[in-house]
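Just so you know, residue 1 is the first one in the sequence shown, and it goes up from there.
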Amino acid sequence: LARATLFTVAGEVVHPTEVLHGDPIIVERGSFRPVTHTALHMLQSSLAQFEQETQVPGDAVTVLFEMTLKNLTESGTIDHQDFLDRVDILGTVGEQLGEDFHVMVSNCAEYYRLAAYLLRYTKEPIGVVMGLPTLQELFEEKYYSKLEGGILESFGRMFKNDLRLYVYPSQGQNGSVSAVENLQVQKHLQGLYEYLVENGFIRHIDDYNEGYLSIFSRTALEKIRAGDPEWETMVPERVAVIIKERGLLGLKLLAT
């Protein structure tokens with residue numbers, strides 16, 4: 001019935017008002033199956049940039065890993081144990097971040113709905129962290145067919161107050177790096193895109209690790225389920241430890 005539920009690092013449920021009220025917020029959306037080096041570095045780099053650009057001390061920023069109900073479904077149903085496992089995994093990452101960190105589960109499928117939800121609780125700056133492929137998807141007009149004003153209405157709702165997107169680059173063809181500066185959207189939307197970039201609504205994450213651009217959570221998950229130990233090189237050490245100790249995400253534990 002609620003639009004969102006928040007969990008602490010320890011996995012305890014807390015009310016959004018206790019966590020979000022009046023604070024700057026930075027949020028990264030994903031499935032986190034599992035949390036990869038890329039996902040963690042995206043958040044760490046954007047957080048450091050966010051703190052510098054907004055001139056707020058680190059302990060004043062609320063940090064969120066956010067999953068939508070859509071990201072919790074596989075084969076059309078919610079696997080509650082899989083969800084709880086991911087909260088536990090994210091909790092280990094939260095301890096590493098050392099910030100006011102929480103996991104949020106929402107039914108805000110569209111980013112403008114997520115923005116509207118967060119703006120109910122704070123008028124302080126909000127940073128939304130994403131990879132370049134997700135940014136490109138935001139400019140697909142098919143996602144806004146239910147809005148009378150289409151993509152312009154969605155962006156108008158999303159970029160209210162001081163909300164900005166922090167975008168991690170991706171690996172392009174032939175190993176090149178694709179970033180905010182060279183992203184091409186549909187021709188008739190290119191002017192809108194350039195306006196948002198030039199006015200700081202869309203910002204490039206300056207500190208990125210090129211070695212992480214080829215790491216994808218779906219690939220790590222496939223390797224976990226296939227018993228390929230290479231997955232351990234794709235995730236933070238603490239994440240690997242909890243997955244191995246508890247046999248999470250389909251990992252088959254060796255009989256002892």
Side-chain angles (χ1 to χ4, degrees), residues 2-21 23-48 50-51 58-74 78-108 114 117-118 121 126-131 166 168 212 215-218 220-221 223-225 231-251 253:
R3 294 298 300 259
T5 302
L6 272 76
F7 298 83
T8 66
V9 169
E12 299 173 345
V13 178
V14 291
H15 195 278
T17 303
E18 300 176 23
V19 176
L20 305 176
H21 182 70
D23 285 343
I25 298 170
I26 192 156
V27 54
E28 180 178 350
R29 165 174 285 185
S31 60
F32 308 115
R33 304 178 75 222
V35 183
T36 62
H37 287 303
T38 314
L40 179 57
H41 194 253
M42 282 173 59
L43 186 59
Q44 290 173 317
S45 298
S46 57
L47 175 60
F50 180 74
E51 290 172 347
D59 58 2
V61 179
T62 296
V63 183
L64 301 174
F65 269 132
E66 185 255 356
M67 296 180 284
T68 66
L69 291 179
K70 181 179 179 181
N71 282 332
L72 291 179
T73 58
E74 187 173 29
I78 295 178
D79 184 336
H80 292 89
Q81 188 57 53
D82 174 72
F83 154 65
L84 293 173
D85 290 346
R86 278 187 272 176
V87 171
D88 288 344
I89 292 172
L90 288 169
T92 67
V93 175
E95 294 172 358
Q96 182 176 341
L97 287 170
E99 300 285 341
D100 185 8
F101 169 86
H102 292 78
V103 177
M104 183 167 81
V105 180
S106 81
N107 62 358
C108 305
L114 173 62
Y117 179 80
L118 296 176
Y121 296 98
I126 296 173
V128 180
V129 185
M130 63 181 60
Y166 288 91
Y168 206 76
Y212 291 162
I215 298 177
F216 300 97
S217 60
R218 61 179 180 273
L221 183 62
K223 292 182 180 296
I224 289 172
R225 292 177 171 176
W231 70 267
E232 294 184 47
T233 68
M234 306 171 75
V235 304
E237 183 178 355
R238 292 187 182 186
V239 172
V241 168
I242 190 173
I243 290 175
K244 289 191 295 182
E245 286 181 347
R246 295 171 49 182
L248 305 181
L249 301 179
L251 178 70
L253 296 177

- [ ] Name all residues meeting the ring-ring contact (aromatic ring centres under 6.0 Å, His included) criterion together with His37; count only those two or more places apart in sequence or in a different chain, and write none if there are none.
- [x] Tyr212
- [ ] Indicate yes or no for a side-chain donor-acceptor contact from Thr62 to the backbone of Leu20 under 3.5 Å, with no hydrogens or angles considered.
- [x] no
- [ ] Return yes if some donor-acceptor pair links the side-chain N/O of Arg86 with the main-chain N/O of Ser31 below 3.5 Å, else return no.
- [x] yes
Side chain to side chain donor-acceptor pair (under 3.5 Å) with [X]: which residues, sequence neighbours excluded?
X: Thr36; result: none
X: Thr233; result: none
X: His21; result: none

Open item on the list: Apply side-chain contact (heavy atoms from CB on, under 4.5 Å) to residues Ile89 and Leu249 and explain how you reach the verdict.
Closed with: CA-CA 10 Å; Ile89 292 172; Leu249 301 179; 4.1 Å; yes
Nearest heavy-atom pair of [X] and [Y]: which atoms, and what distance?
X: Met42; Y: Met130; value: CE-C, 3.3 Å
X: Cys108; Y: Arg3; value: SG-NH2, 3.6 Å
X: Thr8; Y: His102; value: CA-CD2, 3.8 Å
X: Trp231; Y: Ala220; value: CB-O, 3.7 Å
X: Ser46; Y: Tyr166; value: CB-CB, 3.8 Å
X: Ser217; Y: Pro34; value: CB-O, 3.5 Å

Open item on the list: Using the side-chain contact (heavy atoms from CB on, under 4.5 Å) criterion, which residues pair with Ser45? Sequence neighbours excluded.
Closed with: His41, Ile205, Asp207
Task: Sequence-distant partners of Thr5, side-chain contact (heavy atoms from CB on, under 4.5 Å), two or more places apart - done: Phe7, Val13
How long is the span from the [atom1] atom in [X] to the [atom2] atom in [Y], to the nearest 0.5 Å?
X: Ile242; Y: Thr92; atom1: CD1; atom2: OG1; result: 5.5 Å
X: Leu114; Y: Glu66; atom1: CG; atom2: CD; result: 5.0 Å
X: Met234; Y: Lys223; atom1: CE; atom2: NZ; result: 6.5 Å
X: Ile243; Y: Arg33; atom1: CD1; atom2: CZ; result: 11.0 Å

- [ ] Sort out for me which residue in Val129, Ile26, Leu6, Leu43 forms a side-chain contact (heavy atoms from CB on, under 4.5 Å) with Leu64.
- [x] Leu6
Task: Residue among Asp88, Leu90, Val93 satisfying side-chain contact (heavy atoms from CB on, under 4.5 Å) with Val103 - done: Leu90
TODO: State, yes or no, whether a side-chain contact exists between Arg246 and Asp85 at a heavy-atom distance under 4.5 Å.
DONE: yes
Task: Residues Tyr117, Met104; criterion side-chain contact (heavy atoms from CB on, under 4.5 Å); working and verdict - done: CA-CA 12 Å; Tyr117 179 80; Met104 183 167 81; 4.1 Å; yes
